[in-house]
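What follows is a set of notes on a single structure, which appears directly below.
Keep in mind that this is a model prediction, so the values were computed, not measured. These values consider heavy atoms only, across backbone and side chains, with no hydrogens, waters or symmetry-generated copies. Numbered from 1 within each chain, the chains take letters A, B, ... in sequence-line order.
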2 protein chains.
Amino acid sequence: MAGVNSAKDKVHVMNKYDKEPTYAIGELAREFDITPRSIRFYEEQGLMSPTRTGQNRVYLNKDRVRLKLILRGKRLGFSLAEVKTLFDMYDTNPNSAVQLEAMLEMTEQKRAVLKQQLEDIQMLMTELDDVEARCREELAELKRGKIA
Amino acid sequence: MAGVNSAKDKVHVMNKYDKEPTYAIGELAREFDITPRSIRFYEEQGLMSPTRTGQNRVYLNKDRVRLKLILRGKRLGFSLAEVKTLFDMYDTNPNSAVQLEAMLEMTEQKRAVLKQQLEDIQMLMTELDDVEARCREELAELKRGKIA
DNA sequence: AATGTAATTAACGTTAACGTAAACCTGTAC
DNA sequence: GTACAGGTTTACGTTAACGTTAATTACATT
């Protein structure tokens with residue numbers, strides 16, 4: 001359905017004195033450079049629940065914020081399931097100590113993973129240095145005619 | 001088949017004066033804390049080719065080293081396919097000038113990728129720092145009773 | 001009326017890296 | 001002489017995060 005955000009449509013969800021902006025799925029998709037399919041998938045996983053106009057999804061600011069948080073979580077290396085548990089906690093008991101500590105625990109975990117990756121990368125880099133040095137040496141010898 | 005590494009079996013692959021150690025699949029699996037299934041899978045993907053005693057796989061030191069490299073590559077986020085191309089490059093014509101040049105080019109590429117990954121990880125870490133700091137602050141305020 | 005654009009649901013496809021039977025063989029130990 | 005421990009192949013199952021049709025609906029424009 002086109003024109004979800006046209007003036008005519010918006011009459012259904014807000015009036016002249018209540019103009020919270022709404023978004024169609026395509027708009028959000030473009031804004032965050034993802035596909036509508038992804039957004040529907042997030043909903044299917046229980047990460048969002050936009051309202052409807054007829055059968056069309058209508059997103060409010062809170063939904064947009066949620067989407068932003070989902071993507072941010074993904075960038076941080078959280079799975080959708082992990083993001084969902086955070087959301088669920090926030091939904092049932094916002095800003096509780098329990099929730100904050102859960103968040104801290106998760107970030108600690110990710111930090112450990114990242115630390116391991118850093119060490120591995122540094123090890124591989126020195127190994128690359130080795131391989132490269134040996135390559136250059138063999139090449140030099142080849143060109144000096146010492147081999148072949 | 002049990003006892004691949006028994007003295008009797010080893011007669012087939014080495015004598016009193018040539019004692020390169022051999023490993024059964026289960027030994028390597030335990031040593032690196034993976035399953036035999038994984039090791040067979042790596043072979044299926046062309047990453048290793050252990051010798052056989054009858055139908056049983058027998059691993060030499062070079063195979064063990066390969067396995068170690070595979071696992072390190074995985075920890076670094078390389079796919080098995082990527083690890084394989086690296087192996088293939090090293091295996092084919094290790095001494096030709098052309099191959100050496102190609103290898104150098106490849107290591108340069110990998111180095112660039114690793115550098116990018118390093119930067120990404122560092123960015124993620126600072127983002128995690130941010131999130132964590134805000135969490136701790138909110139927690140502190142909670143405990144000071146400033147928020148119910 | 002026809003065309004175009006955006007939306008919907010349903011459901012199967014994809015990729016990587018294995019997990020998990022099932023059915024078999026076989027040397028070693030009790 | 002049989003049970004066990006470990007090995008074998010073959011092949012289908014699993015997970016995450018979507019991609020990709022397909023078939024349909026509905027509004028907007030020409």
Spacing of A:E82 atom CD relative to D:dT15 atom C1', expressed in whole Å: 14 Å

Distance in angstrom units between B:L71 CG and C:dC18 P, rounded: 8 Å

Residue pair A:Q99 / A:Y90, side-chain heavy-atom distance below 4.5 Å: yes

Side-chain donor/acceptor of A:T53 to backbone N/O of A:N56, under 3.5 Å: no

First of B:Q55 and A:Q55 reached from the 5' end of DNA chain D, by closest nucleotide: B:Q55

Test side-chain contact (heavy atoms from CB on, under 4.5 Å) applied to A:L100 - qualifying residues, sequence neighbours left out: B:C135, B:E138, B:L139, B:L142

side-chain N/O B:K74 vs C:dC18 OP1/OP2, d < 4.0 Å: yes

Any residue of residues 35-47 of chain A with a heavy atom less than 4.0 Å from an atom of DNA chain D: A:T35, A:R37, A:S38, A:F41, A:Y42

Phosphate OP1/OP2 of D:dT9: any B:R52 side-chain N/O under 4.0 Å: yes

d(CZ, B:F32; C1', C:dC18) in whole Å: 18 Å

Close side-chain approach of A:L80 and A:K74, heavy atoms under 4.5 Å: yes

Rounded distance (Å) that lies between atom P of D:dA17 and atom CG of A:L67: 15 Å

Rounded interatomic separation in angstrom, taking CD from B:E27 and C1' from D:dA5: 14 Å

Check: B:E20 side chain, B:L60 main-chain N or O, donor-acceptor pair, under 3.5 Å: no

Rounded distance (Å) that lies between atom P of D:dT24 and atom CG of A:N56: 18 Å

Side chains of A:D63 and A:Y23 in contact at under 4.5 Å (non-hydrogen atoms): no

A:R57 vs C:dA7: side-chain N/O to OP1/OP2 distance below 4.0 Å: no

A:G26 or B:L80, whichever maps to the more 5' nucleotide of DNA chain C: A:G26

Show me the donor-acceptor pairs, under 3.5 Å and distance only, between side chains in residues 36-48 of chain A and residues at least two apart or in other chains.
unit_1: A:S38; atom_1: OG; unit_2: A:T35; atom_2: OG1; d: 3.2
unit_1: A:E43; atom_1: OE1; unit_2: A:R57; atom_2: NE; d: 2.7

